[in-house]
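Contents: one structure, followed by commentary.
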There are 2 protein chains.
Amino acid sequence: MSLKHILLGLLRQPASGYDLKREFDTSLAHFWAAELSQIYPALKQLEAEGLIAGKEAAPSLGPARVIYKRTAKGSAALADWLAQGPKRGAQRHTDLAQTFFLDALNADEAARFVEAMLAARREDLHVLQKIAAAWKRAAGAAFPDALPDDEFYPYLTLEAGLAVAAARVAWCERALHRIRKRRNDTG
Amino acid sequence: MSLKHILLGLLRQPASGYDLKREFDTSLAHFWAAELSQIYPALKQLEAEGLIAGKEAAPSLGPARVIYKRTAKGSAALADWLAQGPKRGAQRHTDLAQTFFLDALNADEAARFVEAMLAARREDLHVLQKIAAAWKRAAGAAFPDALPDDEFYPYLTLEAGLAVAAARVAWCERALHRIRKRRNDTG
DNA sequence: ACATGCATGTAAAATGTTACATGATTTC
DNA sequence: GAAATCATGTAACATTTTACATGCATGT
């Protein structure tokens with residue numbers, strides 16, 4: 001199960017389930033999503049397997065938190081996962097599935113659909129660009145090559161997200177041109 | 001549920017569950033995957049909802065087949081889905097999740113991981129390029145603009161797959177250069 | 001007082017994967 | 001005769017999503 005391996009990876013630094021959810025939403029959103037209701041049971045399972053250890057943090061103020069951290073056994077399990085080589089993840093692009101059947105709509109409706117898709121993909125790209133810009137500002141001159149390993153590799157994945165998002169925007173634009181040209185040619 | 005909508009879309013042409021599985025593997029693989037064990041129950045559900053109708057095909061030779069076709073009510077449900085605008089599909093890129101944690105390996109192992117990822121992404125791209133080339137050969141001069149709607153839109157999704165696959169290959173190459181440069185710079 | 005954010009969880013439903021079971025036909 | 005492909009399904013398991021439940025703290 002990949003989710004458990006990802007949690008294992010993130011728990012290099014001690015963190016609560018809630019902290020981890022925030023990481024998913026901010027740093028991992030471009031390749032993985034997870035809900036709190038999925039994270040909490042997964043953490044319990046990892047603890048039962050001895051791969052992470054949890055400690056109740058005394059709440060001087062605010063609600064109680066359980067802080068987890070990876071064990072030595074957990075680090076070994078993580079290295080094992082990586083040593084297996086790159087795994088393929090299932091991709092389900094609902095918007096492309098819809099595009100596949102756009103002949104069920106008329107030309108105007110189809111064009112509007114692709115316009116909406118373009119707007120959504122531009123928004124995706126914009127979000128990632130803002131994150132990348134903030135990262136760049138925070139780092140020094142030899143960016144990203146001078147980053148320490150534990151920031152360099154996460155940054156690489158952001159670049160992957162950026163590259164894919166840009167490709168999808170460009171594709172939407174081309175598709176829209178084609179659809180408009182069709183509409184003019186036939187109508 | 002998107003799978004049911006996709007089946008609904010594909011059942012413009014009469015087809016059996018087995019036929020549909022073949023379509024997933026050949027024409028939809030770049031954005032959606034489905035197993036037979038998922039397709040058969042989904043077809044039964046769609047039939048129970050009156051969106052498709054099945055007919056037992058008399059098997060003169062070979063095993064019995066159930067041929068389904070979309071009903072008028074089914075076509076309305078499909079149009080409805082498309083009219084809701086583009087839906088976002090959950091993306092789970094296991095290989096990027098692994099890349100995120102590559103600092104857990106040493107520089108050589110990390111480089112080998114990315115090399116393997118590059119090879120896998122090149123293979124993805126190659127598969128799609130072969131499909132696109134075959135499509136191009138089969139069609140005439142004004143390709144793809146002269147295609148009928150029910151082939152034009154599926155072709156657009158293939159182009160999306162191609163664009164994303166090419167972007168991921170290029171990203172892997174850049175990442176690999178960076179990792180090798182790092183290895184030389186630091187030791 | 002009320003909304004928002006922090007914090008942890010359970011329960012139920014939906015969705016997806018893997019393994020199993022069956023049997024005919026076609027190709028080597 | 002064996003293996004691959006056609007064809008349909010069930011069962012068990014794993015995973016993910018959505019809804020619900022609880023309670024503290026902070027800002028308006």
Side-chain angles (χ1 to χ4, degrees), chain A residues 1-8 10-11 14-26 28-29 31-49 52 54-68 81 87-94 97, chain B residues 1-8 10-11 14-26 28-29 31-49 52 54-68 81 87-94 97:
Chain A
M1 206 231 284
S2 296
L3 173 67
K4 287 208 271 186
H5 286 115
I6 293 171
L7 291 171
L8 215 46
L10 292 172
L11 284 173
S16 70
Y18 202 86
D19 293 336
L20 292 165
K21 168 62 173 162
R22 232 186 284 112
E23 284 209 64
F24 274 98
D25 291 345
T26 58
L28 287 77
F31 61 83
W32 205 280
E35 298 302 320
L36 277 169
S37 59
Q38 216 190 338
I39 292 171
Y40 286 121
L43 288 172
K44 296 232 159 150
Q45 284 169 39
L46 284 168
E47 193 174 29
E49 293 164 28
I52 63 173
K55 209 180 272 185
E56 185 110 4
S60 59
L61 280 178
R65 295 157 50 82
V66 185
I67 302 295
Y68 291 95
W81 182 52
K87 303 264 182 209
R88 141 89 82 234
Q91 304 202 47
R92 294 205 155 77
H93 295 271
T94 312
Chain B
M1 205 230 286
S2 295
L3 173 66
K4 287 208 271 186
H5 286 115
I6 294 171
L7 291 171
L8 213 47
L10 292 173
L11 284 174
S16 69
Y18 202 86
D19 293 335
L20 293 165
K21 169 60 172 163
R22 233 186 284 111
E23 286 209 62
F24 274 99
D25 292 345
T26 58
L28 287 78
F31 61 84
W32 204 278
E35 298 302 320
L36 276 170
S37 59
Q38 218 190 335
I39 292 171
Y40 286 121
L43 288 171
K44 296 232 159 147
Q45 284 169 38
L46 283 167
E47 193 175 30
E49 293 164 28
I52 63 174
K55 211 180 270 184
E56 186 110 3
S60 59
L61 280 178
R65 294 157 51 83
V66 186
I67 303 294
Y68 291 95
W81 182 52
K87 302 264 182 207
R88 142 87 83 234
Q91 304 201 44
R92 293 206 156 76
H93 295 271
T94 311

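Numbered from 1 within each chain, the chains take letters A, B, ... in sequence-line order.
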Notebook entry, point to check: For the pair made of CZ in Arg88(A) and C1' in dG16(C), what is the distance, rounded to whole Å?
Noted result: 17 Å
Margin query: Less than 4.5 Å apart, side chain to side chain, heavy atoms only: is that true for Leu10(A) and Phe24(A)?
Written below: yes
Margin query: Among residues 34-46 of chain A, which ones have heavy-atom contacts with DNA chain C below 4.0 Å?
Written below: Leu36(A), Ser37(A), Tyr40(A), Lys44(A)
Notebook entry, point to check: Could you give the NZ-to-C1' distance, from Lys87(A) to dT15(D), as a whole number of Å?
Noted result: 17 Å
Notebook entry, point to check: Taking 4.0 angstrom as the limit, do Arg22(A) and Asp25(A) come out as a salt bridge?
Noted result: no
Item checked: Glu56(B) CD to dA7(D) C1', straight-line distance once rounded to whole Å -> 11 Å
Notebook entry, point to check: Is any side-chain heavy atom of Thr94(B) less than 4.5 Å from a side-chain heavy atom of Arg88(A)?
Noted result: no
Margin query: Judged by each residue's nearest nucleotide on DNA chain D, which is more toward the 5′ side, Ile67(B) or Ala33(A)?
Written below: Ile67(B)
Margin query: Expressed as a whole number of angstroms, how long is the span from Arg92(A):CZ to dT17(D):C1'?
Written below: 14 Å
Next item on the list: Starting from P on dT16(D), measure out to CD on Gln91(B) and report it in whole angstrom.
Entry: 15 Å
Note to self: Between Glu47(A) and Gly54(A) (side chain of the first, backbone of the second, donor and acceptor by atom type, cut-off under 3.5 Å), is there such a pair?
What the structure shows: yes
Check: Counting only side-chain N and O atoms of Tyr18(B), is one of them less than 4.0 Å from OP1 or OP2 of dC6(D)?
Finding: yes
Checklist line | Minimum-distance nucleotide (side-chain atoms of Arg65(A) versus dT15(D), dT8(C), dG9(C)) | finding: dT8(C)
Next item on the list: Take the protein atom CE of Met1(A) and the nucleotide atom C1' of dT18(C), then report the distance between them rounded to whole Å.
Entry: 16 Å
Next item on the list: Report yes if a side-chain nitrogen or oxygen of Arg22(B) is closer than 4.0 Å to either non-bridging phosphate oxygen (OP1 or OP2) of dA7(D); otherwise report no.
Entry: yes
Margin query: Without decimals, in angstroms, what is the distance between Leu3(A) CG and dG16(C) P?
Written below: 17 Å
